[in-house]
Amino acid sequence: MPSTIISSTAARVAETPPEGSGLAGTIGELETLIAEKAKDIRAIAAGRRPPPGLDVPRLTERVENVDPALFAHLPMAPDDAQDSEPPATVPLADEPEEVVTEPQARARAPQFEPPVATIPLDTEPEDIPTDPQPREPEQEVTAPPAPPAESETTTSIMSTTATTLAKTYDPHAIEKNLYEAWEDAGHFRPTGGETPYCIMLPPPNVTGSLHMGHAFQDTLMDALTRYHRMRGANVLWQCGTDHAGIATQMVVERQLGQKGISRHDLGREKFLEAVWAWKEESGGTISKQLRRMGASMDWSRERFTMDAGLSRAVTEVFVKLYEDGLIYRGKRLVNWDPVLNTAISDLEVVATEEAGKLWHIRYPLEHGAGHVVVATTRPETMLGDVAVAVHPDDERYQRIIGKTVRLPLCDRSIPVIADTYVDPGFGSGCVKITPAHDFNDYAVGERHKLPLINVFTDHAAINDDAPEQYRGLDRYAARARIVEDLKALGLLVRIDDHKLMVPRGDRSHAVIEPYLTDQWFVRIAPLAEPAIAAVEDGRIRFVPENWRKTYFEWMRNIEDWCISRQLWWGHRIPAWYDAEGTIYVGRTEAEARERGGLGADVVLTQDDDVLDTWFSSALWPFSTLGWPERTPELATFYPTSVLVTGFDIIFFWVARMIMMGLRFMGDVPFREVYIHGLVRDADGNKMSKSKGNILDPIDLIDGIDLETLVGKRTTGLMRPEDAPKIEAATRRQFAGGIPSYGCDALRFTFASLATQGRDIRFDLGRIEGYRNFCNKIWNAARFVLMMVEGHDLTNPTEHTHSALPERWIRSRLHHAVRVFTEAFDGYRFDLAAQAIYEFIWNEFCDWYIELAKVELNDPDTPEALKRGTRRALASVLETSLRLLHPLMPFITEEIWLKVAPLVGKTGRTIMHEPFPRLEDDDYDDHAIATFDWLATFILGVRRIRAENNIEPAKRLAVKVRGGAPFEQLWLQEYALFVRQLARLETIERVEGGDSEDAATALAGETTILVPLMDLIDPAVEIERLTKELARLEQDLTRTEAKLANESFVAKAPPEVVDKERRRALDNRDAIGRLTGQLTKLRK
RNA sequence: GGGUGCUUAGCUCAGCUGGGAGAGCGUCGCCCUUACAAGGCGAAGGUCGUGGGUUCAAGCCCCUCAGCACCCACCA
C-alpha cells in the first residue's frame, strides 16, 4: 500500500514490571538509602563551582569514611528489562513450500544444525571488482578497495578463528553475506518466548520499489523487532505485499497502451493474466530491497493480498457485512474518474486549487419580462439543471420563489426554489441546481424532491439526454460551445476569473465528476462507533498522542464508504444477479444460489466490479494470521503490538483496520499506533519523481555515480520538458555522485531523524557523519582486538579490583543503556541513537580507550590490572554492540562474532543475544566524580596548550597548588593518566600563595599552574584569564542578585537556594584565585 | 471556513513533569601522536519569532500578534 511516510516509535508492550517480588522492595529501599547518602555527600561538599563545562560533585574528606560498598550500586532507575534468558536460537522449522491458503501449523521439527558451517570462508569478494561507481580521487586514496586477502577476512562472516578485522570499514563486504546467513538460519522467525510481540508491515505495492519513506519506516520497525527479540519476546514481523488495485492495473494498461492494445481488446481473463505476469515479473523487487535494509521479517510467512487465503478472508468479511446489513448496493452520486472509468472513494479525491472562471448567465423568467442571473464555474452542467435556488430570506428574490425560469439552450422550464444552502452574499445570490452533477445540489434536490438529469457519459462526454447539438462532446468542448451559444443569445452577463478547488483523482489526476451510478457501500457509522471508543478509552494509543484528534475528527464525520471499483484487478465482489437484477450474495455462486433458493436453471451473472484495495488492507492484521481459521498464530499475535505508519494513511488504512478488527476479531488490531513524519529532501521538498528529487535508499547504501543518477532522475518523467532543469539541479547538488554509505549508516541516520515532528529532512551531511561513526566503531573494535589478541580473558577465577577507568566506563555504559532503553520504549529513536553515539564516540573512544592505552603501555602497571583492562575493553565493546544492534545490525554482528568469543560468549548471532540489562553493580558515582575531576584537570592543561600554541608533543612541567585532600589523593593516585593525557613532564606541588608567573586553570579546588618560561605569551594568557574572569564575575553578579532577592530565598525550594549559595562560593573562590594570577602576570 | 504542527547557533534539529540553553554538520586555529585524517586536540558562535501575563524563577505554562507548513471542508 502506498505509504509515502515514515514513522517510528515503539511502545512498551507487554513488558512485565518486576514488581511484587520481595527483591524489588529490598532493592528499592537500598536505592533510596544510597540516593540519600549520595545527596548527603554532595551537600557537605564545599560549594565551589565546578570548572567550566563540568559539573564535578564535591566530595569532602568524609568520602573516605563512606563505605565503598555504598558506591557499588548508586541509584539508578529501576531496570525494567526482562530477566529473560537469551531466546533459543533454534528456529522452528517449516515446510519450504508455503501453502498460503492454510495457516501454517508450526510443527516443531527436530533441531537442525545451523547452516553456519556450510558457509564458505572464502566467499568471493564479488562486489569489489565490479563496483560500478567511479569514486572521487580522494576517496580512492582514503578508501581503496580492500585487497583480496583482506576482504577474505571480512567476508568470512562466521569464522570463529579470525580475530582481526579488515583495515578499512567496508559495508559491502559484510552486509549481504550476513543477511543471507541470518535468513538461511531462520533467525527471523518467532522464537517462542513467552511474551508475544508483533508488528504488521504495511504491505507495499507488490510491483513497487522501495522509496525513502519505506526505508525509514522499515528501519524503525526492524529496530523495534530486533530490540524486542533481544529482550526475549516471541517476535513476529509479518510481511507481505498489496495488490494495489488501481495503481497496478494502470501500469499494465499503460504497457499495453504502448502496443496499442486496450484491456478491453484483451478481455477480462487475458488482461488479468497479463497483470499476474507483471506481478510475477516485478513482484520481487521490493522484497529484495527490504533485505538490503536488513529487515528481519519472517519471510516464511510472507503474504499477498490476493493470495487464496487472504481472498477468502475478503469474501468472508463481505458476506458477513452484507448479512448484517452493513454493506448495501445503491444508486448514488459518487466520485467518478472519467479516465479510469471507475468510482473512487472520497479519500482518493484530492482537491487542488486551480485558476478557473465564474460565468454569470441569465436565465429568463418564464412569465413576464426579466431574468435571474446565476453564477457557475461549470456552465456545461446547466444541461442538467432542474432548478434555480435562492435563499428564503433574500429580499431581492421573494417575488420569484415558486415561479419558473426558462433554462437556456434546453427548452425546459425549471422552478425557482428557496433553500438555506444558498449564500445570498456570493455572486448574484442565485444558484443553478444540478443534482446529478454536484454533491450539494444533490442534497438540495433530495430536500425538494427534484428530478435527477444526468447529462454525462462514463467518459464525461455529453450523453443523449442532452440537447442534440451537444451530444458526444467532451465536457470541456461542450463548455466552450455552450458559452459561445449563450454569448450569441446575449445571455452571458460576464466572465470573472475565479480560483476554485478542483477535485482530482489521486492516481489518474483526472478531474473527478460527481456521477450517478450503482455502487456498493459500507454503512460505516455502526463500525465507526466502537472504533472511536477504542481510542477514547485507551485500548489503542496514538504516538504522538495528538493524532487522536485527527482520528476523531475524521471518524466523527465519516461518510459511507464506496467499496466497488469498476476495475478488473482485485477481489471480485461475491454478488450475482439474475435476469431481473435481483442480488444474491454468497461465498460462492453455489452458496448464493442456494441462499436464494434458485434452481440450477436460473442464470446468474457475477458482479463485474472488484473491491477497493483498502478493503483487503483493512483485514491485514488478521487475514495474514490465517483468519477466518482460528490459527495458533492468530491466538498468539493478535492484537498486534504496534502499527508503524505515516499520517497520510490514518484514514485510508489505520481507521479501517480498527473498524474491521473490532468487528471480526472482537478486539483492536494493535495496541499502539506510532505515526512518523514524511521524508523530504534536504530543502524540505516532498520527494517525487516529477520534481526529480528522489533519492533511492539503495543508492545511498551502494553509492551511485553522477551520470547514472542523472539518468535515473530524468527518465520516465510525466513531463519530459522538466528533464534539463532536473539534470542541472542534480549535477549541482551531487557533483561527485553519491558515495556508498552502507546500510548501517543509513539506518542510523533514519533513527536519528525520527523526531516527533511531521517532516524529516534528509540531508547527506547527516548520513556521512554516521558513516564516519561506523568507521569509528570499526576502528575501535580493531584496536580492542589488537590489544586483546593473544591474551586469555576468560579466566573466571581471577578477581581483580576494578580500576578507576573501568569503573567509570561501566558507569557511563550503564547510563547509556538506561537512556537508550527509555528512549526506545517511548519511540524516541532519535534520543536512543544519540545516547549510543555519544557513549561510543565521546566516552568509550575519546576517553576510555585512551586511558586503556596509557595503562597497557605502561611497563610499571601490574599485569593483573592490565588483564582487567583488556577484559573491560572487550566486555564494554561487546555490550555496546548489543546495545547498538537494533539500529545497526550488520556492523554489530560482524564485530560481535569476533569479540564475543573473547568474553566467553558462544552465541551464533548477536541478534539472539540478550539486550543489555542494567546492573546496579556497574554504576559507581564515586568513579564518575573522580574521573570528572581528572578530566577537568586534563582539559585545563590542554586548553592552555592550545591557546598558547604550544606544540602538542611538548611535555610540560606543571605545578599544582591547593586542592581538597581527596583531590590531592586523586592526583597522586592517577598521576600516570594525567601525565600521559595532558602530556606532562612533571607535576609538582607548591605551597603558599606565592608563585611564579604562569598560565592558570582550575580543577575543583586545585589550581593548575603552567609556568610561563618561553612557551607562553603573557599577553595571550592575560586575555584568556580576563575573559574567564569576566564570565565568572557576570555569573557571580547574577547569582548574588538572586540570593539577595528575599522572595527567592523564601519561596524557592531549599535545594535550589543551596545550589545558588554554592555557586556563589565557588565563583568567589575561583575569582580570587584567578585575580591573583592575573595581577601577577600584569606586573 | 474549521483543525493540527512548527518558529532555539550559519544549516538541520534535541531540550523529559518550569531552577543558568545542547548535539551533528559547517566555520576558525593546531596536529598525519603506532584503532580511526571517514581522525585527534582546542576555539568561536544563540536577548530561544513578537508583545503581554502567571511565577521567587519561563525556551518550557496562559493570552495576543506575525510568519511557515500540513490536514479536513459543499460556497455555486
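Every chain is numbered from 1, with letters handed out A, B, ... down the list of sequences. Just so we're clear, the structure is a prediction, and the values are computed from it rather than from any experiment.
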Nearest-Å distance once atom [atom1] is located in both [N] and [M]:
{"N": "B/U27", "M": "B/G10", "atom1": "C1'", "result": "8 Å"}
{"N": "B/U8", "M": "B/G24", "atom1": "C1'", "result": "15 Å"}
{"N": "B/G26", "M": "B/C65", "atom1": "C1'", "result": "34 Å"}
{"N": "B/U47", "M": "B/U54", "atom1": "P", "result": "26 Å"}

Proximity to the side chain of A/Glu1060 - top-ranked nucleotide from B/A38, B/G15, B/G20: B/G20
Closest listed nucleotide, where the reference is the side chain of A/Phe651 and the choices are B/C71, B/G42, B/C75: B/C71
Any side-chain N or O of [X] under 4.0 Å from OP1/OP2 of [N]?
{"X": "A/Lys853", "N": "B/A35", "value": "yes"}
{"X": "A/His360", "N": "B/A76", "value": "no"}
{"X": "A/Arg945", "N": "B/G40", "value": "no"}
{"X": "A/Arg761", "N": "B/C13", "value": "yes"}

More than 12 heavy atoms from other groups under 6.0 Å of CD on A/Glu559: no
Ring centroid separation A/Trp547 to A/Phe542 under 6.0 Å: no
Nucleotide forming a Watson-Crick or wobble pair with B/U34, both distances under 3.5 Å: none
Pairing partner of B/C6 (Watson-Crick or G-U wobble, both distances under 3.5 Å): B/G67
